[in-house]
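Since the structure comes first, as structure tokens, the remarks are kept for the end.
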Protein chains: 2
Amino acid sequence: MNYFRSRIVIVEDNDAVREGFALIINSVSDYYVVNAYDNAEDCIKNLKKDKPEIILMDLELPGINGIEAIALIKKQNPGIELIVNTIYENSDLVFQALCAGASGYITKNTSHTELLDAIDEVIQGGAPMSSKIAKLVVNSFQKNPNSPLSSRETEVLELLAKGKSYSMIAQELFITKETAKSHIKNIYSKLQVNSKSEAIAKATKEKLI
Amino acid sequence: MNYFRSRIVIVEDNDAVREGFALIINSVSDYYVVNAYDNAEDCIKNLKKDKPEIILMDLELPGINGIEAIALIKKQNPGIELIVNTIYENSDLVFQALCAGASGYITKNTSHTELLDAIDEVIQGGAPMSSKIAKLVVNSFQKNPNSPLSSRETEVLELLAKGKSYSMIAQELFITKETAKSHIKNIYSKLQVNSKSEAIAKATKEKLI
DNA sequence: AATATATCACCCATTTAGGGGGAGGTTATA
DNA sequence: TATAACCTCCCCCTAAATGGGTGATATATT
């Protein structure tokens, strides 16, 4: 056994898929499958024994789901890199997985080569993603072009979100506190909220700022 | 001229690099370089004439910089896809570029093949990124594991960030308003802030929530 | 010329949040 | 067994934010 071969664990409930992955991965000399599970609980139980560097994780699983599993594994063992492999391209799932600690997210239509490339990329400190996933992720940085707020209101809201008070905003924008207040009232009315933090929460969620 | 070949514009101040890119891109029949500029102003001036589908954009430029140029171009012409090509792997620049509207971010050590792959990926609706950039982006979703806040405090702060008032937080956590207040006071002291929105701003910035 | 929108400004009243302090109980850990 | 976090609750007081109005000015747009 070669100590430098990366240890990989597979979690995937479909037997055929799981065995297929194992075959593909074991066909390459750089890494090998130490164990393959059909549920996350068993994987977590055996982490200390398996000592994987990388886990290839499905999301739709019997018992605890992949997202929770990722969070648990990352908490207990931050060094392990997790690559999500699933059929879902739903944006919420993607962000949940990444927030939970996944290092990569590939969808199941990827070829054998792409699967192996993803593993290589993770080993080299990268974050492999399928094309559509990468686009979702990148889009999440971009503002909503259909903001109901005027540019001045957006400006005020951005300062609010930075933690500034009414008077600080007034100072920075060279207006009176009452004017700032007036803008904020209009913002509240447009966003249908009635407090600073609600406004910030809604604006952040809808990417108005 | 083939109407189905994608129109590409290059903005790159280094003459050799710019001409090199043009040669590489023109060597492929799927797309061609309609124009190549050594500054962003000229590119913007000629957008209507050039009608590019894709712009390959450097960030360090004479005159207006690449980030501003991306924002301007995207505002005037949201359909254009911008790929950043730069030597900088600085995380602030990456996020600024993506927020401004870049669809991809590749660094200058990429091979000719990778450059062409990036263009293909953008045409197919993807978001090409160099390995290190993708990692930066993915990491930006993950929480700071060294939070100074207790789990209860984090819970309270998350509710604050959702726009809840003291009394709503108290209700949701089955504690009194005074207890919620007490937690919030501790949060403020730990984060060295003194208002809700400052706390949210700081916590968001440092990924405590 | 009329309408709408954004921007700016002020008043009053009430509610909420913030700063100061104290205090009892649990839990973990040294 | 200290002792240090953490979680819970309470008091008082001040400052800040919010909600309800009103109204002027400028700038597009129709």
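Heavy atoms only: backbone and side chains are in, while hydrogens, waters and symmetry mates are out. Throughout, protein chains are lettered first and strands after them, A, B, ... in sequence-line order, and every chain is numbered starting at 1.
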Between B:Asp58 and B:Lys108, does at least one N-O distance fall below 4.0 Å, as a salt bridge requires? yes
Paired with B:Ile54, the side chain to side chain contact (heavy atoms under 4.5 Å, CB included) test is passed by just one of B:Ile123, B:Ile80, B:Val9, namely B:Ile123
For B:Thr179 and B:Ser182, test the side chains for any donor-to-acceptor distance below 3.5 angstrom and give the result as yes or no. no
Mind checking whether A:Phe95 and B:Phe141 have parallel, tilted or perpendicular rings, split at 30° and 60°? parallel
Less than 3.5 Å apart, any donor N or O on the side chain of B:Tyr37 or B:Asp50 sitting next to an acceptor on the other? yes
Salt bridge check, B:Lys132 against B:Glu89: does any charged N sit closer than 4.0 Å to a carboxylate O? yes
So, B:Tyr31 versus B:Asn26: side-chain donor-acceptor pair below 3.5 Å or not? no
The salt bridge (Lys or Arg N to Asp or Glu O under 4.0 Å) partner of B:Glu158 among B:Arg152, B:Lys143, B:Lys164 is B:Lys143
For DNA chain D, what residues of residues 146-160 of chain A have any heavy atom nearer than 4.0 Å? none
More than 12 heavy atoms of other residues, nucleotides or ligands under 6.0 Å from NZ of B:Lys162: is that the case? no
More than 12 heavy atoms from other groups under 6.0 Å of CD on B:Gln171: no
Check DNA chain D against residues 194-203 of chain A and give the residues with a non-hydrogen atom under 4.0 Å, in numerical order. A:Asn194, A:Ser195, A:Lys196
Considering only heavy atoms, which members of residues 173-193 of chain A lie under 4.0 Å from some atom of DNA chain C? A:Ile175, A:Thr176, A:Glu178, A:Thr179, A:Lys181, A:Ser182, A:His183, A:Asn186, A:Lys190
